[in-house]
Amino acid sequence: MKKLILILFLGGLMMTGLSAKTAFVYFSATGTTEHMAKNAAEAMGADLFEIQPVHKYTAADLDWRDKKSLSSIKCNDPKSRPAIANKIDISGYDTVVVCYPIWWAYAPKIVYTFVESQNWNGKKLITLCTSGGSGLGRSGSDLAKFAKGADFKGGKDFTRGSGADVKKYIEGLLK
């Protein structure tokens, strides 16, 4: 009887994902990436964390046509690392999926702030983006360079697609 209880308990742990915990961490200035990340995390039964900037971006800040907009200035400065208002701890996770919009072919600089602030040793990193047209490009592999110790599994643009699509993609990467 004890063996049966132990087997059921271990099987339950595996089915609930406790044996390999996944976190989705996202930054979203307009809500598009937030929507994708929430749907994906729900489909995977994963935990969800938002990267919250100290300075909330306004529509004027996000105007990519204005070379003096805040996002244009930050994206053109390779050393820019905007401050994060909240603390996110990924220490209890095996896999971390970082979700972000594409700004000027890269992840927003605040995502670099997050990635550089974490201990990635022994963790799998997957990147997902939303984009108005340029796609993932090399943004995922570029972020992975700053995630020292991470096992970068890959990334993809999920501007269009369901949580189930994301789940299928991630499960394929983790096989």
Side-chain angles (χ1 to χ4, degrees), residues 22-44 46-53 56-82 84 88 90 93 95-118 120 123-175:
T22 300
F24 278 73
V25 179
Y26 73 93
F27 169 72
S28 185
T30 65
T32 303
T33 304
E34 177 182 26
H35 179 74
M36 180 269 291
K38 283 183 176 181
N39 287 341
E42 183 178 332
M44 294 211 49
D47 293 336
L48 181 69
F49 301 94
E50 178 184 8
I51 299 169
Q52 299 171 355
K56 303 288 184 193
Y57 290 90
T58 66
D61 292 336
L62 299 172
D63 185 356
W64 60 272
R65 293 166 291 199
D66 180 359
K67 292 181 182 179
K68 294 181 181 178
S69 73
L70 185 60
S71 59
S72 295
I73 292 167
K74 289 188 183 294
C75 285
N76 286 318
D77 179 0
K79 294 180 182 176
S80 175
R81 295 298 184 266
I84 297 175
I88 299 171
I90 63 167
Y93 296 91
T95 301
V96 180
V97 182
V98 178
C99 307
Y100 51 89
I102 293 293
W103 288 1
W104 294 263
Y106 293 96
K109 297 299 182 179
I110 194 166
V111 179
Y112 288 82
T113 304
F114 166 73
V115 167
E116 290 175 344
S117 73
Q118 301 297 316
W120 290 94
K123 300 196 181 314
K124 296 174 187 80
L125 168 64
I126 297 170
T127 59
L128 302 180
C129 77
T130 57
S131 170
S134 61
L136 181 74
R138 60 178 204 251
S139 68
S141 58
D142 190 59
L143 274 175
K145 292 175 192 172
F146 294 90
K148 303 291 185 205
D151 178 8
F152 179 56
K153 300 308 248 179
K156 189 171 179 177
D157 181 342
F158 271 100
T159 304
R160 289 151 202 85
S162 68
D165 295 333
V166 173
K167 180 179 180 185
K168 181 178 177 183
Y169 173 74
I170 290 174
E171 287 174 345
L173 289 177
L174 296 176
K175 282 185 181 177

Give me the atom names and distance for the closest heavy-atom approach of [X] to [Y].
X      : Y      : result
Ile51  : Phe27  : O-CD1, 3.5 Å
Gly140 : Tyr100 : N-OH, 3.4 Å
Ser131 : Asp157 : CB-OD2, 3.5 Å
Ser69  : Ala60  : CB-O, 3.4 Å
Lys123 : Tyr93  : NZ-O, 2.7 Å
Gly135 : Cys129 : C-SG, 4.1 Å

### Atom NZ of Lys68: over 12 foreign heavy atoms under 6.0 Å
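Not more than 12 within 6.0 Å, no.
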### Task
Look at atom CD of Gln52 and say whether more than 12 heavy atoms of other residues, nucleotides or ligands are closer to it than 6.0 Å.
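Yes, CD of Gln52 has more than 12 neighbouring heavy atoms, counting only those of other groups under 6.0 Å.
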Rounded at 0.5 Å granularity, tell me how far [atom1] in [X] sits from [atom2] in [Y].
X      : Y      : atom1 : atom2 : value
Ile90  : Asp47  : CD1   : CG    : 12.5 Å
Leu62  : Thr30  : CG    : OG1   : 7.5 Å
Phe158 : Thr32  : CZ    : OG1   : 16.0 Å
Thr95  : Ile126 : OG1   : CD1   : 6.0 Å
Leu128 : Thr159 : CG    : OG1   : 10.5 Å
Lys56  : Asp61  : NZ    : CG    : 12.5 Å

### Query
Are Glu34 and Lys38 within salt-bridge range, i.e. N to O under 4.0 Å?
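Counted as a salt bridge, because a side-chain N and a carboxylate O are separated by less than 4.0 Å.
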Does any part of the side chain of [Y], heavy atoms only, come nearer than 4.5 Å to the side chain of [X], both counted from C-beta?
X      : Y      : value
Phe152 : Leu143 : no
Tyr169 : Asp165 : no
His35  : Asn39  : yes

All N/O donor-acceptor pairs, side-chain side in residues 101-110, below 3.5 Å, sequence neighbours left out:
{"unit_1": "Tyr106", "atom_1": "OH", "unit_2": "Arg138", "atom_2": "NH2", "d": "2.5"}

### Message
Donor-acceptor check, side chain of Asp142 to backbone of Ser139, threshold 3.5 angstrom: yes or no?
### Response
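Not a single qualifying donor-acceptor pair exists.
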#### Entry: Residue pair Thr33 / Thr130, side-chain donor-acceptor N/O under 3.5 Å
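Yes, Thr130 and Thr33 have a side-chain donor paired with an acceptor closer than 3.5 Å.
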### Task
List the steps, then state whether side chain to side chain contact (heavy atoms under 4.5 Å, CB included) holds for Val111 with Phe146.
CA-CA 10 Å; Val111 179; Phe146 294 90; over 6 Å; no
